[in-house]
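In listed order, ligands and their atoms are each counted from 1.
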Amino acid sequence: MTTIKIRGGQRLVGSVQVSGAKNAVLPIIAASLLAEKGITIIEGAPYLTDIENLAHVVRSLGVKVEMSPAGRVQIIAENLATTEAPYELVRKMRASFWVAGPLLARTGHFRVPLPGGCNIGERPVDQHIKGFEALGAEVSIEHGYVEGHVNGRLKGTTVYLDIVSVGATINTMMAATLAEGQTIIENAAKEPEIVDLANYLNAMGASVRGAGTDVIRIEGVESLHGATHTVIPDRIEAGTFMVAAAITGGNVFVEGAIYNHLSSLCAKLREAGVDVEDDISGIRVRADKPLKPIDVKTLPYPGFPTDLQAPVLALMSRVNGVSIITETLYENRFMHVSELRRMGAEVKIEGRSAIVEGVPKLTGASVTATDLRAGAALVLAGLVAEGETIVNGIEHIDRGYNDLVGKLRTLGAHIFRTDDYVPPLKLVSSQS
Ligand code: UD1
């Protein structure tokens, strides 16, 4: 079983390059299904198992997907063989449900397994379904599958999403690109990845305005074509390196990080006493004095990202004083706490809040990642723990961090994987 081993105590220093955003690449791969003609080329895609999994899902629909070591994904979706996605692939990843919107818009039908809950919470898709129904589709859930039909084209409409949902905004937006007339999505999510998707859709010939605000307007068109698009940098990966710099008292330039995408994290790190400098080509993080405790509440963008809650909790576990970290998006996203406790952290959970009493030292232990960001938090804790930390369950980390271990090593961390993982070679072998 592959693990990550860390010998804590090294201050991180140097420069690290951020990869392309996983959460931008995934919806763009799904949206490429909308292209009746032409080739989609995504530049800057990181090697991640989540991306490989979604590539398998779209291949199962008859689409050609090739990935190159340089991070280029090429997709030809002219011929769709089926509108039904297989359970054994979809169950691995919720983002697979994003193929539903494009299939419905282009063919009038989809049958996609209902994604289950996951380690961090229940994660329903009722708002995705609300979007499809508002656009005129009939949607049913039977035998574990969600099935949608429409005779002819979807019809543009106004949809108010009851919950600010990234996934439902994306699925509704993609479906509406080929609908007849105008669609207005109200209470839309505003994440940078949604803006990136809108830019890609517009390059395909769609007409999407307002992405990045809570009202998105889509003027339906009759057909879309492939397009070339370079994805934005991964703000969560960037944020993880920023927190890594802070927890080790380091001085790190996070190259490619976009300040505006990370303003809530920057504000919180500054409040804690970290020096954060915005630079044209990235963000510098310097932590050379003792830090102060902070209170953090996760919220939809531009609020503090839930995906950085676990890393920041790990940081606060070492900061003298009491920090309160409140998770408002997911009901079960404190699984990292019991593992951090095994390393000596003092954290109490009260409802949706973690009360973190900073300790002067963590000690290395064998711990297990239960989800992607929990895994990152354990690695960060390992960087400052006394002695050796062994992180198990690293398949979760491989879902969303491109060579996390290699990048941390270039910054001076004593960290290695117990397999001989070389990401670019895996990319080559994933071609089909
Ligand atoms: C995306 C991100 C994930 C991030 C999350 C919130 C990707 C691949 N994943 O996930 O990393 O943690 O945004 O920033 O981009 N909800 C409903 N009904 C729905 C849809 C969502 O109740 O139909 C709820 C969810 O259970 C959750 C909240 O809304 O409590 C936000 O979920 P959503 O924004 O949809 O997250 P995802 O798109 O799944």
Numbered atoms and elements of ligand 1 in range of [X], under 4.0 angstrom, heavy atoms:
| X | value |
| --- | --- |
| Gln127 | 18 (N), 19 (C), 23 (O) |
| Ile163 | 17 (C), 22 (O), 29 (O) |
| Trp98 | 7 (C), 8 (C), 15 (O) |
| Thr306 | 6 (C), 12 (O), 14 (O) |
| His128 | 23 (O) |
| Arg333 | 12 (O) |
| Gly167 | 35 (O), 38 (O) |

Can you find an N or O of Ala95 that's nearer than 3.5 Å to an N or O of ligand 1? no
Is there a polar contact between ligand 1 and Val166, counting only N or O atoms under 3.5 Å apart? yes
Structural part of Phe97 in contact with ligand 1, heavy atom criterion under 4.0 angstrom: neither
With a heavy-atom distance limit of 4.0 Å, tell me whether Tyr330 approaches ligand 1 through its side chain, its backbone, both, or neither. side chain
Can you check which of Ile194, Leu26, Asp307 brings a heavy atom nearest to atom 12 (O) of ligand 1? Asp307
Could you work out, for atom 18 (N) of ligand 1, the closest of Asp126, Leu372, Leu329 by heavy-atom distance? Asp126
Do Glu237 and Lys407 pass the salt bridge (Lys or Arg N to Asp or Glu O under 4.0 Å) test, and can you show the C-alpha distance, the side-chain angles, and the key distance before you say yes or no? CA-CA 11 Å; Glu237 186 201 16; Lys407 288 183 179 184; 2.7 Å; yes
Roughly how far, to the nearest 0.5 Å, is CZ of Arg59 from CG of Leu54? 10.5 Å
Does ligand 1 have an atom under 4.0 Å from some heavy atom of Ala189? no
[X] side chain to [Y] main-chain N or O, any donor-acceptor pair under 3.5 Å?
| X | Y | result |
| --- | --- | --- |
| Gln127 | Ala168 | no |
| Arg284 | Asp279 | no |
| Thr107 | Leu104 | no |
| His229 | Ile42 | no |
| Thr298 | Thr328 | yes |
| Asp307 | Ile236 | no |

Shortest protein heavy-atom distance from [atom], along with the residue and atom involved:
| atom | answer |
| --- | --- |
| atom 21 (C) of ligand 1 | Ser165 OG, 3.7 Å |
| atom 2 (C) of ligand 1 | Asn23 ND2, 3.6 Å |
| atom 10 (O) of ligand 1 | Arg123 NH2, 3.3 Å |
| atom 19 (C) of ligand 1 | Pro124 O, 3.1 Å |

Kindly indicate, with the supporting measurements, whether the criterion side chain to side chain donor-acceptor pair (under 3.5 Å) is fulfilled by Tyr301 and Arg235. CA-CA 12 Å; Tyr301 187 86; Arg235 65 195 163 94; over 6 Å; no
Working note: Tyr87 + Tyr145, criterion ring pair (Phe, Tyr, Trp, His ring centres under 6.0 Å); need CA distance, chi angles, decisive distance, verdict. CA-CA 9 Å; Tyr87 174 69; Tyr145 279 75; 7.3 Å; no
Does a side chain donor of either Thr306 or Arg333 reach within less than 3.5 Å of an acceptor in the other side chain? yes
